[in-house]
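Here the structure comes first, spelled out in structure tokens, and everything after it is commentary.
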Amino acid sequence: MQKSLIVFGATSFVGQILCRYLHALNHDGSLKWLMAARSEERLKALQKSLDGPHTPDFLIADANDETSLRVLCDQASVIISTVGPYALYGEPLVKVCAETGTDYCDLTGETQWIRRMIERHEEAAKKSGARIVHCCGFDSIPSDLGVLYTQQQSQQQFGEPCQHIKMRVRKFKGGFSGGTVASMMNVAKEAAADPALRRELQDPYSICPPDRKPTVMQNRITAVREEEIESWIAPFVMEGINTRVVHRSHALLGHPWGMDFLYDEAVMTGDDSKGKARARRTARGQSLMMLGFALAPTRWLMSRFLPKPGEGPSPEMQRTGFFDLVFVGHTRSGETVRTNLYGERDPGYGATARMLGQAAICLSQDIDRSEVAGGFWTPASAMGSRLIERLQQHAGLRFSTVLETMTPPRRGL
């Protein structure tokens, strides 16, 4: 029996976007895929909305029912999960996939949950051959593959890797969904009750293999002016997950960029007085938001005004959204590599659905198990250049590189 790509959580906000993307992509019927969720009524409505030929069938499954999840795995080449917050609903499917040898992708950004899944289920995945790949959406494919691409260009042109890469968000247009808000609230709630978790969330190597953790201190971003890019910068809201995924990729690849490799992220706010004010306002706003999520009274109050699960950006915002990133890498000998990465559509949803879909297709069709064995991987360590090719061909991402061969002047005396 030919197995199928299965979208679990097909009726969720991002699940519906993903299903419409896969349906449009499958114009010739060559992709065998199914939808799955717990509501037959909502699945039928989604199925009816997918006009044209090759409409996918569906299966009924519940995130808390292992029997129904095993039925999914019996028919799946790879399962895509959009059922979050993953810390609340995600473990049963990861457990079953790891035990049955079923490949798996998701779009979580919950580092504490990822670490728990690795600790609890990686041995089973290694034994069964299941390839588990978290973080296949905006967090953290652009960061993970942007760093990999930049390092490849540096090696090709200069014969050495970058010792330090910084990602800066130049422009960004998109919106939050209720699922993202719920995940952020849950992380803050867990951290407020657990001092050990608060310490873990400060560790940039928290999801690296325990025996492969570097000790070099990573940069902490504040509201400052950065001369090299001629802009004020502020902390980037996704930095907490993206940096950890990049460092896990580096560890799984065997630390080819050196044990002292540094990586950080920030958002550019402009080079004038308004940019300075935006940087300071952004830094304060993020701190206050996470504090508000951590406290029960303010969490309840904020939940009344923020999007609810199932809500998110309008179709027009999804279509017109985009992200524009720059990766600036410096080698140990002083060379500079800049990678520009542009993505079409709303980063959190329109673009994420495309990245997630292509990651799953890449894992199931392009990556043989003899190349990548069972275990918990990252997009860069599992799929690397082949996923970059797919994203440029089918997901609206564009990678380009500028090389600077002049050694930067030394500062001061």
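- Val267 is not listed as a side-chain neighbour of Phe172, based on a closest heavy-atom distance of 4.5 Å or more.
- Of the possible donor and acceptor atoms, none in the side chain of Ser140 sits under 3.5 Å from a partner among the backbone N and O of Gly137.
- Put simply, the side chain of Arg278 gets close to the backbone of Thr269: a donor and an acceptor are under 3.5 Å apart.
- A side-chain donor from one of Tyr104 and Asp106 sits under 3.5 Å from a side-chain acceptor of the other.
- Nearest heavy atom pair, residue Asn242 against residue Phe138, reads OD1-O, 4.2 Å.
- Contact check for Met259 versus Pro214: side-chain heavy atoms found under the 4.5 Å cut-off.
- Using modelled atom types and a 3.5 Å distance limit, the side chains of Ser12 and Thr82 yield a donor-acceptor pair.
- Between Asp203 and Arg244 no salt bridge is recorded (no basic side-chain N to carboxylate O distance below 4.0 Å).
- The main-chain N or O of Arg131 is found under 3.5 Å from a side-chain atom of Asp103 such that the two form a donor-acceptor pair.
- Side chain of Ser154 to backbone of Gln151: no donor-acceptor contact under 3.5 angstrom is found.
- At a threshold of 4.0 Å, the pair Glu41-Lys44 does not count as salt-bridged, since none of the basic side-chain nitrogens sits closer than that to a carboxylate oxygen.
- Defined by atom type and a distance below 3.5 Å, a donor-acceptor pair is present between the side-chain atoms of Glu265 and Ser143.
- Taking Arg354 as the reference, Glu344 meet the salt bridge (charged side-chain N to carboxylate O under 4.0 Å, His left out) condition, with sequence neighbours excluded.
- For Gln218 (side chain) and Phe261 (main-chain N/O), a donor-acceptor pair under 3.5 Å exists by modelled atom type.
- Put simply, the side chain of Glu122 does not reach to within 4.5 Å of the side chain of Met117, judged on heavy atoms.
- Classification of the Tyr86-Trp113 ring pair by plane angle, with boundaries at 30° and 60°, yields tilted.
- Not a single ring-ring contact (aromatic ring centres under 6.0 Å, His included) links Trp33 to another residue, sequence neighbours left out.
- More than 12 heavy-atom neighbours from other residues, nucleotides or ligands sit within 6.0 angstrom of CZ on Phe322.
- Inspection of the Thr339 and Gln153 side chains reveals no N or O donor paired with an N or O acceptor under 3.5 Å.
- Between Glu228 and Lys166 there is a salt bridge, since a side-chain N of the basic residue sits under 4.0 Å from a carboxylate O of the acidic one.
- Counting only distance, with no hydrogens or angles, the side chain of Ser77 and the backbone of Ser4 share a donor-acceptor pair below 3.5 Å.
- Using bins of under 30°, 30° to 60° and over 60° for the plane-to-plane angle, the ring pair Tyr263/Phe327 lands in the parallel bin.
- Between Ile361 and His394, the closest side-chain pair of non-hydrogen atoms is not below 4.5 Å.
- In this structure, Asn26 contributes its side chain and Leu31 its backbone to a donor-acceptor pair below 3.5 Å.
- Asp264 has a carboxylate O that lies under 4.0 Å from a charged side-chain N of Arg168, or vice versa, which qualifies the two as a salt bridge.
- Counting all heavy atoms, side chain and backbone alike, Leu46 lies closest to Ser49 at O-OG, 2.6 Å.
- With Thr108 contributing its side chain and Glu110 its backbone, the two residues share a donor-acceptor pair below 3.5 Å.
- Side-chain atoms of His250 come within 3.5 Å of backbone N or O of Trp257 as a donor-acceptor pair.
- The side-chain contact (heavy atoms from CB on, under 4.5 Å) test with Arg248 singles out one residue from Ile114, Asp144, Ile207, and that residue is Ile207.
- Salt bridge Glu371/Arg386: present, at least one basic N to carboxylate O contact under 4.0 Å.
- For Ser381 (side chain) and Thr378 (main-chain N/O), a donor-acceptor pair under 3.5 Å exists by modelled atom type.
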